[in-house]
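Just so you know, these numbers come straight off a predicted model, no measurement behind them. Starting from 1, each residue takes its place in the sequence as its number.
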Amino acid sequence: MSFGEIYNIAGAGMNAQTIRLNTVASNLANAGAAAETPDQAYRALKPVFSTIYNEAQQGKAMGAQVEITAIVETDAPLDMRYEPDHPFSDEQGYVAYSNVNTVEEMADMMAASRSFETNVEVMNRARSMQQGLLQLGNK
């Protein structure tokens, strides 16, 4: 596997985790947001990851990259709260709030951050190996 392929794989991972962090940020920004109707309530977003396999060529190892193929809304139930004095309450006195689970989102954010850092470390190690190879000629 060439250094360029290593950089491409790590870069694809960093890109996917950036999108994941963006969806977490959007979800956390809308946590606790009330809506006039359940249809208008914010629903948490989740990225869908897919593996893209690189074709193996003679004498080269097969690699794989990650890609975000879609961003979907979760099907978790909305948070319906009984607040008859709220301006968005329905005729029964319930208000529809987003279905964002902040604990789950924080865990997702930590996992995405760690994965991003790991891909940065892979790139740093590959760069260090390239520099080591260049130093061989000087000794």
Side-chain angles (χ1 to χ4, degrees):
M1 182 176 290
S2 71
F3 286 112
E5 290 175 48
I6 293 170
Y7 289 127
N8 287 340
I9 292 169
M14 290 169 62
N15 184 51
Q17 296 308 324
T18 299
I19 294 170
R20 185 176 175 193
L21 284 168
N22 286 339
T23 59
V24 168
S26 177
N27 292 341
L28 289 173
N30 288 289
E36 290 186 43
T37 66
D39 292 339
Q40 294 174 338
Y42 180 83
R43 287 172 171 74
L45 302 174
K46 297 291 179 188
V48 177
F49 292 86
S50 293
T51 303
I52 307 299
Y53 291 99
N54 301 331
E55 291 184 25
Q57 297 174 351
Q58 189 174 15
K60 291 186 177 182
M62 186 170 89
Q65 297 181 9
V66 66
E67 179 179 88
I68 302 285
T69 54
I71 297 177
V72 298
E73 292 181 345
T74 61
D75 57 357
L78 295 174
D79 184 13
M80 300 298 289
R81 299 182 197 165
Y82 183 70
E83 297 177 359
D85 295 333
H86 195 283
F88 292 159
S89 64
D90 61 13
E91 49 279 345
Q92 287 86 26
Y94 287 93
V95 179
Y97 284 89
S98 67
N99 65 352
V100 175
N101 181 337
T102 55
V103 174
E104 182 181 312
E105 294 301 323
M106 294 300 288
D108 215 17
M109 179 179 63
M110 290 172 52
S113 296
R114 296 240 166 91
S115 182
F116 188 92
E117 290 170 359
T118 301
N119 282 300
V120 169
E121 185 60 29
V122 166
M123 286 186 151
N124 287 338
R125 298 276 172 124
R127 183 178 47 85
S128 176
M129 288 170 49
Q130 282 181 310
Q131 289 174 341
L133 285 172
L134 292 173
Q135 296 297 324
L136 287 177
N138 293 335
K139 293 183 181 183

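The two residues A96 and A41 have their closest heavy-atom pair at CB-CB, 4.3 Å. Shown here for N99 and P77, the closest heavy-atom pair between the two residues is CB-O, 3.3 Å. Residue S26 comes nearest to L45 through the heavy atom pair OG-CD1, 4.3 Å, listed as atom of the first residue, atom of the second, then distance. Of all heavy-atom pairs between A31 and S98, the closest is CA-OG, 3.6 Å. The nearest pair of heavy atoms linking V100 to A44 is CG2-CB, 4.0 Å.
Inter-residue side-chain proximity for V122 and I9 is flagged as unmet; no heavy-atom pair is nearer than 4.5 Å. Contact check for E121 versus R125: side-chain heavy atoms found under the 4.5 Å cut-off. Put simply, the side chain of L78 reaches to within 4.5 Å of the side chain of R43, judged on heavy atoms.
Annotation: the span from I19 atom CD1 to E67 atom CD amounts to 9.0 Å, rounded to 0.5 Å. Taking OG1 of T23 as the reference point, atom CD1 of I71 lies at 6.0 Å (rounded to 0.5 Å). Annotation: the span from N22 atom CG to I68 atom CD1 amounts to 10.0 Å, rounded to 0.5 Å. Once rounded to the nearest 0.5 Å, the distance linking OG1 of T74 with CD of E104 reads 8.0 Å.
Checked against ring-ring contact (aromatic ring centres under 6.0 Å, His included), Y7 has no partners two or more places apart in sequence or in another chain. Residues satisfying the side-chain hydrogen bond (donor to acceptor under 3.5 Å, both in side chains) criterion with N119, sequence neighbours excluded, are absent altogether. Under the rule for a side-chain hydrogen bond (donor to acceptor under 3.5 Å, both in side chains), the partners of R20 that lie at least two apart in sequence or sit in another chain are Q17, D108. Taking F116 as the reference, nothing meets the ring-ring contact (aromatic ring centres under 6.0 Å, His included) condition, with sequence neighbours excluded. The side-chain hydrogen bond (donor to acceptor under 3.5 Å, both in side chains) test applied to E117 returns no partner, not counting sequence neighbours. With sequence neighbours left out, R114 forms a salt bridge (charged side-chain N to carboxylate O under 4.0 Å, His left out) with no residue at all. Partners of E73 according to the salt bridge (charged side-chain N to carboxylate O under 4.0 Å, His left out) rule, which considers only residues two or more places apart in sequence or in another chain, do not exist here. Every residue two or more places apart in sequence or in another chain that forms a side-chain hydrogen bond (donor to acceptor under 3.5 Å, both in side chains) with E105 is listed here: N27, K46.
When the side chains of ILVMFWY residues are joined at heavy-atom separations under 4.5 Å, either directly or via intervening members, V66 and I52 end up in two distinct hydrophobic clusters.
Membership of an apolar cluster is not assigned to L134, as no side-chain contact below 4.5 Å to another ILVMFWY residue is traced. Membership of the apolar cluster around V48 extends to V72, as traced through chained side-chain contacts below 4.5 Å between ILVMFWY residues. Clustering of Ile, Leu, Val, Met, Phe, Trp and Tyr by side-chain heavy atoms under 4.5 Å joins V95 with F88, Y97. Applying the 4.5 Å side-chain rule to ILVMFWY residues, one finds L21, V24, L28, M109 in the same cluster as M106.
In this structure, S89 contributes its side chain and D85 its backbone to no donor-acceptor pair below 3.5 Å.
Crowding of Y94 atom OH: a count of heavy atoms from other residues, nucleotides or ligands under 6.0 Å not exceeding 12.
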Could you walk me through whether R81 and H86 pass the side chain to side chain contact (heavy atoms under 4.5 Å, CB included) test, one step at a time?
-> CA-CA 10 Å; R81 299 182 197 165; H86 195 283; over 6 Å; no
